Amino acid sequence: MAIPSRYSVAIHILTILEMDGEASSEEIAGSVGTNPAIIRLLIGKLKKAGIINVRQGVKGSSLSKPAKEINLLSVYRAIENENALFLLHEYPNPQCPIGKNIQASLSGILEEAQKSMENKLSEYNLTDVSSEIRHRMESDKRQLKKKNA
């Protein structure tokens, strides 16, 4: 099981807006490697959550607050529709002793796992992501200089 890629795409969108300023959905889609319609869908969710501002026009999206105030948990909550990360199967057999007890046995464990993930995501913000990208870009530049020297 995996968290859908729309979460990482949303962080990608926000990182572009943080590092490059305003950008159009077409420009963002070029970086993400997806269709601009998907970008517009996610931008709508981010706008609804108050994370970005959107204006009609060529470069109509921008962050609504400083990147250090946008934590990765707020992005997750803006993008993902389900409140629960783990969904239990709906119809275990109540005549089976395992089926009868599986949901009650798993629910506490899965709630704890979700809480741990949410706590960890809340520790990181958009600035952490963009700082890591800048660091990697500088490292790439240094390695390119070494190759060309």
Side-chain angles (χ1 to χ4, degrees), residues 1-92 101-148:
M1 180 174 68
I3 293 174
S5 64
R6 64 182 170 256
Y7 175 61
S8 64
V9 171
I11 295 171
H12 192 145
I13 292 167
L14 295 170
T15 304
I16 289 170
L17 298 177
E18 193 271 331
M19 294 179 71
D20 295 341
E22 293 183 342
S24 70
S25 57
E26 289 77 16
E27 291 169 333
I28 295 169
S31 177
V32 172
T34 193
N35 188 302
I38 292 170
I39 300 302
R40 286 189 287 274
L41 174 76
L42 295 175
I43 284 174
K45 290 180 179 224
L46 294 167
K47 177 186 176 190
K48 183 177 179 183
I51 296 172
I52 64 172
N53 297 316
V54 177
R55 290 189 324 264
Q56 298 294 64
V58 178
K59 294 189 177 201
S61 299
S62 61
L63 298 179
S64 65
K65 51 190 160 189
K68 65 183 173 203
E69 294 177 19
I70 301 171
N71 73 48
L72 299 187
L73 178 59
S74 65
V75 177
Y76 174 76
R77 288 183 174 153
I79 296 302
E80 297 305 323
N81 294 330
E82 297 291 333
N83 289 331
L85 176 62
F86 302 100
L87 301 176
L88 295 170
H89 55 294
E90 294 182 16
Y91 304 109
N101 293 292
I102 191 72
Q103 290 179 331
S105 299
L106 281 177
S107 64
I109 295 167
L110 299 180
E111 285 172 16
E112 186 177 325
Q114 178 160 344
K115 189 69 175 162
S116 293
M117 182 206 71
E118 289 177 354
N119 287 339
K120 185 52 82 174
L121 289 177
S122 71
E123 293 175 12
Y124 294 96
N125 60 49
L126 193 54
T127 301
D128 295 319
V129 176
S130 59
S131 293
E132 177 67 18
I133 290 171
R134 285 183 180 97
H135 173 75
R136 290 172 180 270
M137 289 168 62
E138 286 300 316
S139 178
D140 290 346
K141 284 181 188 177
R142 285 191 298 275
Q143 287 184 357
L144 185 60
K145 282 184 182 180
K146 285 181 182 179
K147 278 185 177 180
N148 294 334

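No experiment lies behind these values; they were computed from the predicted model shown.
- Counting heavy atoms from C-beta outward, Glu26 and Arg40 have side chains that approach closer than 4.5 Å.
- Counting only heavy atoms from C-beta outward, the side chains of Ser107 and Leu88 approach each other to under 4.5 Å.
- Using a cut-off of 4.0 Å between Lys/Arg side-chain N and Asp/Glu carboxylate O, Glu80 and Lys45 are scored as not salt-bridged.
- The shortest side-chain heavy-atom distance between Val32 and Ile38 does not fall under the 4.5 Å cut-off.
- The existence of a salt bridge linking Arg134 and Glu18 is confirmed by a sub-4.0 Å separation between a basic side-chain nitrogen and an acidic carboxylate oxygen.
- When every heavy atom of Asn101 is checked against every heavy atom of Ser105, the shortest pair comes out as O-OG, 2.8 Å.
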**Request:** Would you please test Ser74 and Ile51 for side-chain contact (heavy atoms from CB on, under 4.5 Å) and show each step?
**Result:** CA-CA 8 Å; Ser74 65; Ile51 296 172; 4.2 Å; yes
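- Distance check: Gln103 CD to His89 NE2 gives 6.0 Å after rounding to the nearest 0.5 Å.
- Between Leu42 and Ala10, the closest heavy-atom pair is CD1-N, 4.3 Å.
- Counting only heavy atoms from C-beta outward, the side chains of Ile133 and Met19 approach each other to under 4.5 Å.
- The shortest side-chain heavy-atom distance between Ile16 and His12 falls under the 4.5 Å cut-off.
- Salt bridge status for Glu111 with Lys115: absent, with no side-chain N to carboxylate O gap under 4.0 Å.
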**Request:** Could you walk me through whether Ile70 and Leu63 pass the side-chain contact (heavy atoms from CB on, under 4.5 Å) test, one step at a time?
**Result:** CA-CA 9 Å; Ile70 301 171; Leu63 298 179; 4.0 Å; yes
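- In plain terms, the two heavy atoms of Ser61 and Val54 that are nearest each other are OG-CG2, 4.0 Å.
- Using modelled atom types, no side-chain atom of Ser64 and backbone atom of Asn53 make a donor-acceptor pair closer than 3.5 Å.
- Annotation: Glu112, atom CD; neighbour count of heavy atoms from other residues, nucleotides and ligands within 6.0 Å does not exceed 12.
- A distance of 5.0 Å separates CG in Leu46 from CG in Leu14, rounded to the nearest 0.5 Å.
- With sequence neighbours excluded, no residue forms a side-chain hydrogen bond (donor to acceptor under 3.5 Å, both in side chains) with Thr127.
- Listed for the Glu138 side chain is no donor-acceptor partner under 3.5 Å among the backbone atoms of His135.
- Ile43 has its side chain within reach of Ile52: a pair of non-hydrogen atoms, C-beta onward, lies under 4.5 Å apart.
- In this structure, Asp20 CG and Glu27 CD are separated by 8.5 Å, a value rounded to the nearest 0.5 Å.
- Counting non-hydrogen atoms of other residues, nucleotides and ligands closer than 6.0 Å to NZ of Lys68 gives a total of 12 or fewer.
- Heavy atoms only, all atoms of each residue included: Tyr7 and Leu121 are closest at OH-CD2, 3.4 Å.
- In this structure a side-chain-to-backbone donor-acceptor pair under 3.5 Å is missing from Ser31 to Ile28.
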**Prompt:** Can you list the steps and then say if Val75 with Leu126 is a side-chain contact (heavy atoms from CB on, under 4.5 Å)?
**Reply:** CA-CA 9 Å; Val75 177; Leu126 193 54; over 6 Å; no
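- Looking at every heavy atom in both residues, Glu123 comes nearest to Asp128 through O-OD2, 4.0 Å.
- Checked options Thr15, Leu17, Ile11; the residue passing with Ile13 is Leu17 (criterion: side-chain contact (heavy atoms from CB on, under 4.5 Å)).
- Contact record, Gly50 with Lys65: O-CE, 4.2 Å, taken as the closest heavy-atom pair.
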